[in-house]
Amino acid sequence: MSPPSEKIIIGSDHAGYALKEFIKTELDRLGIQHKDIGTNSMDSVDYPIYAARVAKGVASGEYARGIAICGSGLGASMVANRFKGIRAALCVTEDMARYSRQHNNANVLVLGERITPLDIASKVLRIWLEEEFEGGRHERRVKQIDEITEKEDL
Ligand code: RB5
C-alpha cells in the first residue's frame, strides 16, 4: 500500500457545511491540501454517509487524517468511530484538541457547527494539526481501543 497522503480528507452534512467551508479556507491558509467529499450545499442530507466517507478514507490508509463535521458533532463522531482503526475526537475546546492528539492519537477531528464558534474552531484545528502523539503509556491504551470489544476477561 502506498503511504497515506498528507492531504486531509474532509466532509460534512448540510448542518456542518458552512463550518466545513471555513475550515477549508483555514487549511488553505496553512498550506494544507484537502480532499472534500461533500456535501456541497446546505440542502438536507444524512450525516452518516459523509462521516463514513471521511472515516473510510482514513481507515483504508489512503489519508492519514480526516475532519468530519455535522451540526452537533455527535452523529459524525458516532459514525466515524464504528470504523476499525478510527479514533475520532469531537473537540469543543483547545484542551480537548490537545489531549486528543497527545493521549489518543486521534486521526479524525470532529467538529459541530452549531456548538463551536469559528474562532474556537480555528484554534482547535490548529492545535489538532500541530500536536503530536506522546506514545509511551498511551501507545498501549490506544492499541487496546481496537482490541477491547474482542476481549473476554474484562
Ligand atoms: C442535522 O439536523 C443534525 O442532526 C446533524 O447535523 C447532527 O448534529 C447529528 O448528530
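Predicted model only: the values in this text are computed from it and were never measured. Numbering of ligands and ligand atoms starts at 1, following listing order.
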For atom 7 (C) of ligand 1, what's the nearest protein heavy-atom neighbour? Residue, atom name and distance, please.
Cys70 SG, 3.4 Å

Check for me whether Arg114 has a heavy atom closer than 4.0 Å to any atom of ligand 1.
yes

Would you say Ile86 and Val58 make side-chain contact, with heavy atoms under 4.5 Å?
yes

Can you tell me which portion of Ala15 lies within the under-4.0 Å heavy-atom range of ligand 1? Options are side chain, backbone, both, or neither.
side chain

Return yes or no for this condition: an N or O of Tyr47 is under 3.5 Å from an N or O of ligand 1.
no

When you compare ligand 1 with Leu74, is there at least one nitrogen or oxygen pair between them that comes in under 3.5 angstrom?
no

Top protein contact for atom 8 (O) of ligand 1, by heavy-atom distance
Ser72 N, 2.9 Å

May I ask which of Glu113, His14, Met78 has a heavy atom nearer to atom 1 (C) of ligand 1 than the others do?
His14

Does NZ in Lys24 sit with more than 12 non-hydrogen atoms of other residues, nucleotides or ligands closer than 6.0 Å?
yes

Does any non-hydrogen side-chain atom of Ser12 lie less than 4.5 Å from one of Tyr50?
no

Suppose we measure from atom 5 (C) of ligand 1 to each protein heavy atom; which comes out shortest, and what is that distance?
Asp13 OD2, 3.3 Å

So which protein heavy atom does atom 10 (O) of ligand 1 come closest to, and at what separation?
Gly75 N, 2.9 Å

Does NZ or CZ of Arg98 come closer than 6.0 Å to the centre of the six-membered ring of Trp128, within 45° of the ring's axis?
no

Determine whether more than 12 heavy atoms belonging to other residues, nucleotides or ligands lie under 6.0 Å from atom CZ of Phe22.
yes

May I ask you to check whether over 12 heavy atoms, not counting those of Arg87, lie within 6.0 Å of atom CZ?
yes

Side chains of His138 and Phe133: does their closest heavy-atom pair fall under 4.5 Å?
yes

Gly71 heavy atoms within 4.0 Å reach ligand 1 at atoms 5 (C), 6 (O), 7 (C), 8 (O)

